[in-house]
Participant: 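The following block contains the structure, expressed as structure tokens.
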Amino acid sequence: MTIWNELAGLDFAVKTVDAAGVPTRSLQAGAGEEAVIFLHGTSGHLEAFARNIAAHAPHYECHAIDMLGHGYTGKPDYPYEIPRYVDHLVNYLDAVGLDKVHLVGESLGGWVAAYLASEQPERVLSLQLLAAGGTVANPDVMQRIRTSTTKAVQSNDIELTRARLHLLMHDPVNATEELVEARHRIYHQPDFVANIHNLLSLQDMDTRQRNLLRPDRLARIQAPTLVVWGHENPFGDVPEAEKMAADIAGAQLQLYPECGHWPQHEQAALYNPLSLEFLAKASERVKSVV
């Protein structure tokens, strides 16, 4: 399957949105009463959700964006720490006229989504944390991310980009040729290469420590929360997910076998109905409170 096949038959648009001066690439589809925002991981891009948009668009207004400094979004020259990502996300929401949204964040995207949910709970209808980062600072994992990404960006050898994507997946077949080519092209934009040190700033121990999602911050999250994790996640073991879910009041935990760091992609056939069920229940809860 290719990204175009995944989106076949779906009305969608890829736009550049001005988020307070940062041009932001956005794939938009659907026209429901509520909106779902999809946020990718470190060095990623909106194609991470190619297998999810078509399932969600009949029910929700969907936005998959390239986050600050990523993909084809603007890359200002400063370290991309979590408050910067959050500010950019809020600026995007304001630019497209969305007050309250459902957030779906994978890896770094989950870190950003959880941080926003803890800081501005009035803007978050529900929260999905897919192999989310940000609760631990494992130097081995941080070095693996820094090294694999830097090598792929600094070399024109597409096999290094392929290896970076294979690192995410339990089964490398899920790193399709189209995904490899899309990421390779992104990795070799001049502004992406020039700003890779800013993008990887959270792999520095001191920087990461001051941005962590500590238990007291997770305890502030009020939104209904779903934590999704793969048993073969190369960047974090299952106890990390269990602790994350335990630190958020009422959070639901879903574990998938034969799944690495992209559960929404690797196990899309299982994840999509789970997400839709969770979103529906979250919406009903919000309506009952109102």
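No experiment lies behind these values; they were computed from the predicted model shown.
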Participant: Can V136 be reached from I82 by stepping across I, L, V, M, F, W or Y side chains whose heavy atoms are under 4.5 Å apart?
Facilitator: no
Participant: Within the supplied structure, the quantity of interest is the number of heavy atoms (other residues, nucleotides, ligands) at a distance under 6.0 Å from R185 CZ; does it exceed 12?
Facilitator: no
Participant: Show the nearest heavy-atom pair for residues A241 and W229, with the distance to one decimal.
Facilitator: CB-CD2, 3.3 Å
Participant: Is the Lys NZ or Arg CZ of R144 less than 6.0 Å from the centre of F235's six-membered ring, within 45° of the axis?
Facilitator: no
Participant: Should the pair R123-D94 be classified as a salt bridge under the 4.0 Å nitrogen-to-oxygen rule?
Facilitator: yes
Participant: Heavy atoms, side chains only, cut-off 4.5 Å: are R220 and P121 in contact?
Facilitator: no
Participant: Do NZ/NE/NH1/NH2 and the carboxylate oxygens of K243 and D247 come within less than 4.0 Å?
Facilitator: yes
Participant: Between A29 and F12, what is the shortest heavy-atom contact and its length?
Facilitator: CB-CB, 3.8 Å
Participant: Could you check whether T147 and Q143, counting side-chain N and O atoms only, form a donor-acceptor pair closer than 3.5 Å?
Facilitator: yes
Participant: Answer with yes or no whether the hydrophobic clustering places Y72 together with Y92; edges join I, L, V, M, F, W, Y residues whose side-chain heavy atoms lie under 4.5 Å apart.
Facilitator: yes
Participant: Would you check if there is a donor-acceptor pair between the side chains of T176 and E178 at a distance under 3.5 Å?
Facilitator: no
Participant: Quick check on D216: does its CG atom have over 12 non-hydrogen neighbours (other residues, nucleotides or ligands) under 6.0 Å away?
Facilitator: yes
Participant: Between E34 and K100, does any NZ, NE, NH1 or NH2 come within less than 4.0 Å of an OD or OE carboxylate oxygen?
Facilitator: no
Participant: With hydrophobic residues grouped by side-chain heavy-atom distances under 4.5 Å, do M205 and I145 end up in a single group?
Facilitator: no
Participant: How close do L167 and S148 get, counting heavy atoms only, and between which atoms?
Facilitator: CD2-OG, 3.8 Å
Participant: Is the H188 ring parallel, tilted or perpendicular to the H184 ring (thresholds 30°, 60°)?
Facilitator: tilted
Participant: What about Y187 and L160, same hydrophobic cluster or not, with Ile/Leu/Val/Met/Phe/Trp/Tyr joined at side-chain heavy-atom distances under 4.5 Å?
Facilitator: no
Participant: Verify whether one side chain among S118 and R217 offers a donor that lies under 3.5 Å from an acceptor in the other.
Facilitator: yes
Participant: Is any side-chain heavy atom of Q128 closer than 4.5 Å to a side-chain heavy atom of T225?
Facilitator: no
Participant: If you measure only the distance, is there a donor-acceptor pair under 3.5 Å linking the side chains of E81 and N211?
Facilitator: yes
Participant: Looking at H70 versus H45, is the centre-to-centre ring distance below 6.0 Å?
Facilitator: no
Participant: Would a single hydrophobic cluster contain both L199 and M142, if residues Ile, Leu, Val, Met, Phe, Trp and Tyr are joined by side-chain heavy-atom contacts under 4.5 Å?
Facilitator: no
Participant: Does one side chain, of H40 or S107, offer a donor that lies under 3.5 Å from an acceptor on the other?
Facilitator: no
Participant: Using only atom types and a distance under 3.5 Å, with no angle test, would you say the side chain of T73 pairs donor to acceptor with the backbone of D66?
Facilitator: yes
Participant: Does a sphere of radius 6.0 Å around CD in E33 hold more than 12 heavy atoms from other residues, nucleotides or ligands, not counting ones at 6.0 Å or beyond?
Facilitator: no
Participant: Do W262 and L179 have side chains that approach each other closer than 4.5 Å (heavy atoms only, starting at C-beta)?
Facilitator: yes
Participant: Would you say that H231 contacts Y256 through its side chain, given a criterion of any heavy-atom pair below 4.5 Å between the two side chains?
Facilitator: no
Participant: Would you mind reporting whether K75 and Y80 have side-chain heavy atoms less than 4.5 Å apart?
Facilitator: yes
Participant: Answer yes if the side chains of Q120 and Y115 hold a donor-acceptor pair under 3.5 Å, and no otherwise.
Facilitator: no
Participant: Tell me whether E284 is salt-bridged to K281, with the criterion being a basic N under 4.0 Å from an acidic carboxylate O.
Facilitator: no
Participant: So, for F38 and H63, is the gap between ring centers shorter than 6.0 Å?
Facilitator: no
Participant: Please determine whether ring pair (Phe, Tyr, Trp, His ring centres under 6.0 Å) holds for the pair Y60 and H102, giving the CA-CA distance in whole Å, both sets of side-chain angles, and the decisive distance to 0.1 Å.
Facilitator: CA-CA 10 Å; Y60 299 94; H102 300 278; 5.8 Å; yes
Participant: Would you give the length of the straight line joining atom CZ of R84 to atom CG of L89, rounded to the nearest 0.5 angstrom?
Facilitator: 15.5 Å
Participant: State, with a plain yes or no, whether a side-chain heavy atom of Y85 is found less than 4.5 Å away from one of W111.
Facilitator: no
Participant: Check this for me, if you would: do R183 and E47 make a salt bridge, where the nitrogen-to-carboxylate-oxygen distance has to be below 4.0 angstrom?
Facilitator: no
Participant: Got a second to check how far I196's CD1 is from S43's OG, nearest 0.5 Å?
Facilitator: 6.5 Å
Participant: State, yes or no, whether a side-chain contact exists between Y78 and L68 at a heavy-atom distance under 4.5 Å.
Facilitator: yes
